[in-house]
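In what follows, a structure is listed as structure tokens, so that the remarks can point back to it.
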Amino acid sequence: MPIKISLTTPEPALPRTVYYNRLLDALRKNARFTENPAEADLLFPAEDTAFETNWPNYGKQASAFVRGTFDLSGHEGYLNRLAGLNARLCVVNMNPGLRLPQAFKGCMNVVVADISMSQWERSLNPRTIAMPAMPIVTPNSAVPEKTVTACFRGVLTHACRAEIVKLHDGTRFICEPVASVNPAVESKVTVPRDQEAYADVMARSVFAFVPRGDALFSYRLLEAMAFGCIPVVISDSWVLPFDRAVQWSNAAVCVPESLVQFLPEILSGFDARRIEQMRSHGAAEYAMRFKDFDAVVETLLLEVESMF
């Protein structure tokens with residue numbers, strides 16, 4: 001059943017990111033939105049709880065903020081004020097270091113939409129929704145032939161990524177480690193981070209590896225779908241985005257972290273018909289659920305309504 005949504009009272013002194021500005025714009029555009037919070041069934045925080053600091057430019061956190069900078073004590077104070085409201089809330093968290101599913105587990109009036117939620121956290125707090133990470137790299141209009149079986153380019157921030165790189169053969173599997181943009185991350189890799197090279201190999205690949213890094217989630221999931229690839233998710237216990245709405249088994253391949261070495265054999269079992277079915281299903285899901293903020297907000301609200 002459709003619900004009405006609105007925003008809590010603004011607090012202009014708090015910081016805000018580009019991501020949250022775009023999210024608020026999409027909420028206001030949604031047909032369920034009302035300017036009067038008293039008329040709403042569900043409120044969203046008017047100020048930033050998400051703190052998506054990699055969007056829209058990965059590795060350039062200063063460009064992520066339109067107002068202020070992240071302050072942990074101020075953030076915690078705002079969350080505490082939200083928890084004390086006598087209203088039903090949906091709090092969005094895009095920062096994997098802030099575990100809001102756990103923080104709000106005792107708040108029956110709060111639904112948490114989280115970017116990097118584990119199956120354990122879902123069990124701990126069923127009033128949770130798995131949120132997608134918006135693509136940072138997007139394809140151009142050219143659609144080249146899919147000549148690469150599977151690809152990966154990324155920093156070796158998890159053991160499974162190092163195992164993926166071992167699959168590199170330069171033709172069927174293009175799996176290249178790249179240097180970190182974070183000086184705190186030790187890296188002996190000399191291949192530079194190159195968005196054009198990343199976009200090129202994604203455009204030419206049938207499958208795209210989506211391994212976990214420091215956190216469970218990966219931006220590569222929606223990037224792979226945007227490039228027409230079948231995502232191969234390698235992240236044990238990650239709850240995939242909008243899992244109540246999306247039949248992920250029809251659009252992605254999930255492989256345990258311990259089985260990375262067997263990926264060539266696993267992927268060889270997909271014939272042309274199955275590949276086309278999965279690519280078609282993934283393209284339809286991407287267009288409906290993930291292509292922009294409006295689609296993401298609509299799917300988020302459908303998941304919330306399914307929980308009422």
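Of the N and O atoms on the side chains of Q247 and S249, at least one donor lies less than 3.5 Å from an acceptor on the other residue.
Atoms NZ and OG1, on K4 and T34 in that order, are 6.0 Å from each other to the nearest 0.5 Å. In this structure, the separation between OG1 on T53 and CD on Q61 is 4.0 Å, given to the nearest 0.5 Å. For the atom pair CE of M134 and CG of L23, the computed distance is 9.5 Å after rounding to the nearest 0.5 Å. For the atom pair CG of L42 and CG of L301, the computed distance is 7.5 Å after rounding to the nearest 0.5 Å. Separation of atoms NE2 (H75) and CG (L98) is listed at 4.5 Å; rounding is to 0.5 Å. Atom OH in Y286 sits 8.0 Å away from atom CG in D292 (nearest 0.5 Å).
Other members of the hydrophobic cluster containing Y198, listed by chain and number, are V137, M202, F227; membership follows side-chain contacts under 4.5 Å among ILVMFWY residues, whether direct or relayed. In this structure, V201 belongs to a hydrophobic cluster whose other members, linked by side-chain heavy atoms under 4.5 Å apart, are V148, I174.
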Pair R28-F33, side chain to side chain contact (heavy atoms under 4.5 Å, CB included): steps then yes or no: CA-CA 6 Å; R28 291 188 177 99; F33 186 79; 3.9 Å; yes
CA sep, side-chain torsions, deciding dist, call: V210, V232, side chain to side chain contact (heavy atoms under 4.5 Å, CB included): CA-CA 5 Å; V210 181; V232 180; 5.9 Å; no
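Not less than 6.0 angstrom separates the ring centroid of Y19 from the ring centroid of F51. Ring-centre distance between F242 and F290: below the 6.0 Å cut-off.
Shortest non-hydrogen contact noted between T157 and G213 is OG1-CA, 3.3 Å. Here the closest heavy-atom approach between residue M108 and residue R127 is recorded as SD-NH1, 3.3 Å. When all heavy atoms are compared, the tightest approach of L216 to S235 is O-OG, 2.8 Å. Among all heavy-atom pairs drawn from F152 and I164, the shortest one is CB-CG2, 3.8 Å. Of all non-hydrogen atoms in V18 and S63, the two that sit nearest each other are CG2-O, 3.6 Å. Across all non-hydrogen atoms, the minimal contact from L222 to P135 is CB-CG, 3.8 Å.
The side-chain heavy atoms of L167 and P264, taken from C-beta on, include a pair separated by under 4.5 Å. You'll find the side chain of V255 stays beyond 4.5 Å of the side chain of V233, heavy atoms only. Taking 4.5 Å as the limit, every side-chain heavy atom of C229 sits out of range of all side-chain heavy atoms of F207. At least one side-chain heavy atom of F293 sits less than 4.5 Å from a side-chain heavy atom of R22. Between W120 and S123 the shortest side-chain heavy-atom distance does not fall below 4.5 Å. In this structure, V155 and V178 have side chains that are in contact, with non-hydrogen atoms separated by less than 4.5 Å. The shortest side-chain heavy-atom distance between V296 and P132 falls under the 4.5 Å cut-off. You'll find the side chain of V111 stays beyond 4.5 Å of the side chain of T128, heavy atoms only.
Annotation: side-chain hydrogen bond (donor to acceptor under 3.5 Å, both in side chains) contacts involving residues 294-308, sequence neighbours excluded, comprise K29-D294, N30-E298, R32-E298, R32-E305, R244-E303. Pairs passing the salt bridge (charged side-chain N to carboxylate O under 4.0 Å, His left out) check and including a residue from residues 49-76, sequence neighbours excluded, read E47-R67. Sequence neighbours left out, not one pair with a member in residues 130-139 passes side-chain hydrogen bond (donor to acceptor under 3.5 Å, both in side chains). For the salt bridge (charged side-chain N to carboxylate O under 4.0 Å, His left out) condition, the pairs that include at least one residue of residues 115-125, sequence neighbours left out, are R99-E121, R122-D243. Judged as a salt bridge (charged side-chain N to carboxylate O under 4.0 Å, His left out), the pairs with a partner in residues 261-288 (not counting sequence neighbours) are, in order, E285-R289.
Clustering ILVMFWY residues whenever any of their side-chain heavy atoms sit less than 4.5 angstrom apart, transitively, puts F217 in a cluster other than the one holding M117. Under the 4.5 Å side-chain heavy-atom criterion for grouping Ile, Leu, Val, Met, Phe, Trp and Tyr, L302 is not connected to M307 through any hydrophobic cluster. Tracing side-chain contacts under 4.5 Å through hydrophobic residues (I, L, V, M, F, W, Y), one never reaches L14 starting from F44; they form parts of separate clusters. No continuous path of ILVMFWY side-chain contacts below 4.5 Å connects L100 to V304, so the two sit in separate hydrophobic clusters. With hydrophobic clusters built from ILVMFWY side chains whose heavy atoms lie under 4.5 angstrom apart, I3 does not share a cluster with V110.
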Under 3.5 Å, which donor-acceptor pairs do the side chains of residues 81-91 form with other protein atoms, sequence neighbours left out?
from, atom 1, to, atom 2, distance (Å)
R81, NE, E11, OE2, 3.3
R81, NH1, G77, O, 3.4
R81, NH2, E11, OE1, 2.8

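Partners of F65 according to the ring-ring contact (aromatic ring centres under 6.0 Å, His included) rule, which considers only residues two or more places apart in sequence or in another chain, do not exist here. Every residue was checked against the salt bridge (charged side-chain N to carboxylate O under 4.0 Å, His left out) condition with D236, not counting sequence neighbours, and none meets it. Residues forming a side-chain hydrogen bond (donor to acceptor under 3.5 Å, both in side chains) with T171 (at least two apart in sequence, or on another chain): D169. Under the salt bridge (charged side-chain N to carboxylate O under 4.0 Å, His left out) criterion, D41 pairs with no residue, sequence neighbours left out.
Between the E176 side chain and the G154 main chain, no donor and acceptor come within less than 3.5 Å of each other. Between the side chain of S6 and the backbone N or O of L43 there is no donor-acceptor pair closer than 3.5 Å. Formation of a donor-acceptor pair under 3.5 Å by the T49 side chain with backbone atoms of V92 is found in this model. Within the 3.5 Å criterion, the main-chain N or O of S218 finds no donor-acceptor partner in the side chain of W238. Checking side-chain atoms of R220 against main-chain N and O of R153 turns up a donor-acceptor pair under 3.5 Å. Side-chain N or O atoms of D48 include none that pairs as donor or acceptor with a backbone N or O of P15 at under 3.5 Å.
Crowding of K146 atom NZ: a count of heavy atoms from other residues, nucleotides or ligands under 6.0 Å exceeding 12.
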